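Single-structure report; data block below.
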Number of protein chains: 2
Amino acid sequence: MLDDQVALDLVFHALADPTRRAIVERLTRGPASVGELAAPMPMSLAAVMQHIRVLEESRLLHTEKLGRVRTCTIAPEALVRAEAWLGERRILWNRRLDRLGALLDEDEKHGTENEGTSS
Amino acid sequence: MLDDQVALDLVFHALADPTRRAIVERLTRGPASVGELAAPMPMSLAAVMQHIRVLEESRLLHTEKLGRVRTCTIAPEALVRAEAWLGERRILWNRRLDRLGALLDEDEKHGTENEGTSS
DNA sequence: CAATTACTAAAGTACTTGCTTGACTATTAC
DNA sequence: GTAATAGTCAAGCAAGTACTTTAGTAATTG
């Protein structure tokens, strides 16, 4: 529960940068080396490496070095976790709206005037 | 497309903080005033106000002031947008894995040995 | 072997965050 | 009107971020 919070911190923070999202987008099309990921980016390879480290620490991807090239692969679990958190919020919010709507319908039938949001 | 990127930057950055996620979680149960949101937090009301501003700028919530109390309400569109981005990545990744799996099955039938990741 | 390639490590820097405190402004209550 | 409430503004600060450059190391190639 507590580590869960930290994990979400890391994932959302990792995704809050366009370069890092671009890396994730690239990797959904298949694994790539650090060099391949850096090539289209308007910054130094060292900078891209730092982004990769952030993504790895957030568990959005994992890497493996073979010879002199490090290959990066997406690791979907972290992505799924973030999606689950968002989905949960959406569901709870919609459920609440439904309840509110139902209450309003009830009130309409009985001709009452107050909203009835249980504080 | 370009503003889209900025919007995602803002939403993910806003969600990368546990205090702000707690605010969003609270608001999924219904609107609340700044004071109500600040009460359970281990920081000054001014600090909570700043978090609320970040959330508002990311369009995760909207606020309205009536008399001397400002009421905050969740605004689900931004949340849905972030969820959509994540969902898209997951779908593309799974589709790729399916294709890869199908190729491996094919290869097995034909008794070939190479993987066939189109570089 | 020497040169190239593919990364890695470290230090420096401009900018941004997440707070704080203190002073201030409107409402509302007594 | 005076006092309490609910929020706002702004300055300041410690820590963190997103880069850079420079100087490496370990694999591969010719």
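Here is the naming used below: chain letters follow the sequence lines, and residue numbers restart at 1 for every chain. Values in this document were obtained by computation on a predicted structure and should not be read as measured data.
Of all nucleotides in DNA chain D having an atom under 4.0 Å from a heavy atom of chain B, the first and last in 5' to 3' order are dA4(D) to dC9(D).
Taking atom CD on Glu64(A) and atom P on dC7(C), their separation rounds to 14 Å, with Å as the unit. Look at CE on Met49(A): it is 13 Å from C1' on dA10(C), rounded to the nearest Å.
The residue among Thr19(A) and Leu45(B) whose nearest nucleotide of DNA chain D is located toward the 5' end is Leu45(B).
Here Arg89(A) pairs with Glu25(B) under the salt bridge (charged side-chain N to carboxylate O under 4.0 Å, His left out) rule; sequence neighbours left out. Qualifying side chain to side chain donor-acceptor pair (under 3.5 Å) partners for Arg90(A), counting only residues two or more places apart in sequence or in other chains: Glu83(B). For Glu36(A), the side chain to side chain donor-acceptor pair (under 3.5 Å) test picks out no residue, with sequence neighbours left out. Under the side chain to side chain donor-acceptor pair (under 3.5 Å) criterion, Arg20(B) pairs with His51(B), sequence neighbours left out. For Arg81(A), the side chain to side chain donor-acceptor pair (under 3.5 Å) test picks out Asp4(A), with sequence neighbours left out. Contacts of Arg68(A) classified as side-chain contact (heavy atoms from CB on, under 4.5 Å), with partners at least two apart in sequence or in another chain: none. For Arg59(B), there are no salt bridge (charged side-chain N to carboxylate O under 4.0 Å, His left out) partners two or more places apart in sequence or in a different chain. Judged as a side-chain contact (heavy atoms from CB on, under 4.5 Å), and not counting sequence neighbours, the contacts of Val69(A) are Ser33(A), Thr71(A).
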Can you pull every protein N or O that's under 3.5 Å from an N or O on nucleotides 25-29 of chain C?
unit_1, atom_1, unit_2, atom_2, d
dT27(C), O2, Arg68(B), NH1, 2.7

Under-3.5 Å N/O pairs linking protein and nucleotides 16-18 of chain C:
unit_1, atom_1, unit_2, atom_2, d
dG18(C), OP1, Arg20(B), NH2, 3.4
dG18(C), OP2, Arg20(B), NH1, 2.9

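Here the side chain of Arg96(B) pairs no donor or acceptor atom with the backbone of Ile91(B) at under 3.5 angstrom.
Using a 4.5 Å heavy-atom cutoff, the side chains of Val24(A) and Leu55(A) are in contact. Looking only at side-chain heavy atoms (C-beta outward), Met41(B) and Ile23(B) come within less than 4.5 Å of each other. In this structure, Arg95(A) and Leu92(A) have side chains that are in contact, with non-hydrogen atoms separated by less than 4.5 Å.
Residues from residues 32-42 of chain B with heavy atoms under 4.0 angstrom of DNA chain D, sorted by number: Ser33(B), Val34(B), Gly35(B).
Nearest heavy-atom pair across Thr63(B) and Cys72(B) is CG2-SG, 3.8 Å.
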